[in-house]
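Each remark here refers to the structure printed beneath this line.
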Amino acid sequence: MSLISLDHVSKIYPRGTRPALDDVNLHIDRGEFVFLVGASGSGKTTLLSLMLREEEATDGEIHVAGHDLRRLSNRQVPQYRRSLGFIFQDYKLLDNKTVWQNVAFALEVIGTRRSTIKSLVPKVLETVGLTGKENSYPQELSGGEQQRVTIARAYVNHPDILLADEPTGNLDPTTSLGIMEVLEAINRTGTTIVMATHNEEIVNSMRKRVVELHAGKIVRDERNGSYDSALYFPDAQVEAKSQQAIGRTLAMVDAHAPAAETTGPIAIAAPSDDVPERAETRDERERRAAMVVEQVSQAVNADTADEGIARLASSVHSGRTGRYGEAFAPVETTLTWGRGLRLDEYEASLAAGKSEQEAAAAAEQAAEPSGGTAAADAAGSQDAPDAASVGATGAAARAADGESAPAVDTSVPDIDLSPAGVSAALSASESGPADGAAHDMPAPYEAAGPAAAMPPAPPAPPMPPAPPAPRADGTHEGTDDTKGDARR
Ligand SMILES: Nc1ncnc2c1ncn2[C@@H]1O[C@H](COP(=O)(O)OP(=O)(O)OP(=O)(O)O)[C@@H](O)[C@H]1O
C-alpha cells in the first residue's frame, strides 16, 4: 500500500464555482519526491491541504501513512500531523522567539529532552546555514533566512512526509538552490516530499516525479519528469486532451514504482506504510531525529552533489535569466502561466472566429504586462555552467538572502502554526522556558485556517544537463561571490 493514496478524490469548496479537485487518483510511495505543477488555480494547494487534513474531501478516499482521513476526528488531527512536516505560505515563525527558540520549540512541544535539543538545534542551524543567527528574531532575518528556519523546523523531528507549497516562491535563485539542496538531503533520509511549485527550472533540474494538475484533474504523472509547459499550452488544448491524458495517467499510476534516486537513499529504518505506526518512545524518536539531523548535515556538506542539485546549481550559476528569472517576479505580474497565455482572452478570440494560432497570440499579448515574458524569453541564456560556481551549492544555502519568503510550519505534532494555532502556541509557550529547554508537552491545539493560494510564476525552457560538480568547502566564507554570480 502506498504511503499516500488518493482514490477518486473530489473537492468542491462551499462557494466554489467548479470542483477544485475532480476525481483525482494519486499514489505516492515512501521515499518519493514528487513535484506538483500546474497553472494557478489548478488545485495544487487544495491537494496538499487535503493531505494535511486542513480541508476535507467532498468525495473519495484519502489514506496517509495508514490513516484513513475520512475517519479522522478533529481531535485526532494534531496527532495525525505528528508524521507530517509542512511548509505552507501563511504559516508563520514565532515572532517573539529567536531562531534557536523557533527550531527548539518544535522539539520542546513533543517533550524532547533538554540535552537532545541542545545537541540537535545547532546542528540543524548549521545545515541550513544559520550559524551565527541563533539569537536573531524572525523580523531581523531576510526572507531566505526565515525560510531556512522554517525548513529546519519542518525536518528536525524527521517527519515521514514533508508537504511543501511553493517553498521557493519569491526567493532568489541562489536561495532557492540552497533550499532545494536541503530538501533533497531530507528526502534522502527517507522523508517523502510532495512539493507544489511553479518553478520550472527546479523541476527540470531535479528530475523527480512530476504530477501535473489542470483544472482539478491530473493530466500528467511522470517519473523523472520535466515541466515543459510548451507541450501543454494553450490551456484550451490541455482541456481538450484532459480526458485522454487522465486515462493514461491512471495506467501510469497503477504501474508506478518507487522512484529511482540518482543518489541512493540514506538508510534509516522506515515504519510500515499500511498500518498507523505505534507511537515511538521518546528514546527512539530522539535517536531517529539525531541520526537524520546528522545525515542531512553530511549530505548538504558533502563534496559530491546530487545530480539534480548539480544541474540546478549549474543553471543558477551560469547566470541564466529568461523565464527562470521570472519565477521570482512579483505576484501581480505572474498571474498567468504557460507562456503567459490568458485563457479568457484565448477563448474570447476563438469565439470571435480567430484561428487557434491567432487566439494564442492574442492571449499571449494580453498576458504580458509590458512584454516581459517575451523579453525574458529572449534573454534566456544557455551558457555553459561556470565550473567553479557549480560547486558552491552547499555554501549557497548559507550565503543567499531572499527578498521575501512564504512562512512555514513544522512537523510539530500537537500544534498548528496557522494564525490561530500560533496564537495558542504562543500563549502556551509563554509559560515555558525561553531558552529552548525541554518542558512538559502543551495540550493539543486544534487545526485552523486555510492554506493560502501560492503565487504562480511563468515557466522556463528545459534545462541543459550538467555533470555533477565538486562543491566548495561548505564554509560560510567564499559564498558572496557565489551569490553575486547567481544574481542577475
Ligand atoms: N477556500 C476556497 N473557497 C472557494 N474556492 C477555493 C478556495 N480555495 C481554493 N479555491 C478554488 O479552488 C481552485 C484550486 O485552488 P488552489 O489554491 O488549490 O490552486 P493552486 O493550483 O494551488 O493555485 P496557485 O498555484 O495559484 O496557488 C481555484 O479555482 C480556487 O479559486
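First listed ligand is number 1; within each ligand, the first listed atom is number 1. One-based numbering along the sequence shown.
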Ser5: side-chain contact (heavy atoms from CB on, under 4.5 Å) partners, not counting sequence neighbours: Met1, Ser2, Asp7, His27, His63
With heavy atoms under 4.0 Å as the rule, classify the contact between Glu166 and ligand 1 as side chain, backbone, both or neither. neither
What I want to know is whether Glu55 and ligand 1 share at least one N or O pair that is separated by under 3.5 angstrom. no
Any atoms of ligand 1 less than 4.0 Å from a non-hydrogen atom of Thr46? List them with their elements. 14 (C), 15 (O), 16 (P), 18 (O)
Which ligand 1 atoms, with their elements, are less than 4.0 angstrom from a heavy-atom of Lys44? 18 (O), 19 (O), 20 (P), 21 (O), 22 (O), 23 (O), 24 (P), 25 (O)
Residue pair Asn74, Arg53: steps toward the side chain to side chain contact (heavy atoms under 4.5 Å, CB included) verdict: CA-CA 9 Å; Asn74 286 341; Arg53 191 33 174 81; 3.4 Å; yes
Heavy-atom distance to atom 22 (O) of ligand 1: which of Thr45, Leu21, Thr197 wins? Thr45
In terms of atom number and element, which parts of ligand 1 are under 4.0 angstrom from non-hydrogen atoms of Arg18? 29 (O)
Any nitrogen or oxygen of Ser40 lying under 3.5 Å from a nitrogen or oxygen in ligand 1? Just yes or no. yes
Is there at least one pair of N or O atoms, one from Ala20 and one from ligand 1, spaced under 3.5 Å apart? no
Say whether Gly38 and ligand 1 are in contact under the criterion: heavy-atom distance to a ligand atom below 4.0 Å. no
Against ligand 1, does Ala39 come closer than 4.0 Å with any heavy atom? yes
Test of understanding: with side chain to side chain donor-acceptor pair (under 3.5 Å), list the residues that count as partners of Tyr137, not counting sequence neighbours. none
Decide whether the shortest distance between a heavy atom of His198 and an atom of ligand 1 is less than 4.0 Å. yes
So how far is it from Leu162 CG to Phe86 CZ, rounded to the nearest 0.5 Å? 10.0 Å
Are any of the side-chain nitrogens in Arg30 or Asp160 under 4.0 Å away from the carboxylate oxygens of its partner? yes
Relative to atom 14 (C) of ligand 1, which among Ala215, Gly41, Pro19 owns the nearest non-hydrogen atom? Gly41
Looking at Lys11 and Glu55, is there a salt bridge between them, counting it only when a charged N and a carboxylate O are closer than 4.0 Å? yes
Does Leu6 offer a backbone N or O that forms a donor-acceptor pair with the side chain of Glu61 under 3.5 Å? no
Between Lys44 and Asp165, is the closest basic N to carboxylate O distance under 4.0 Å? no
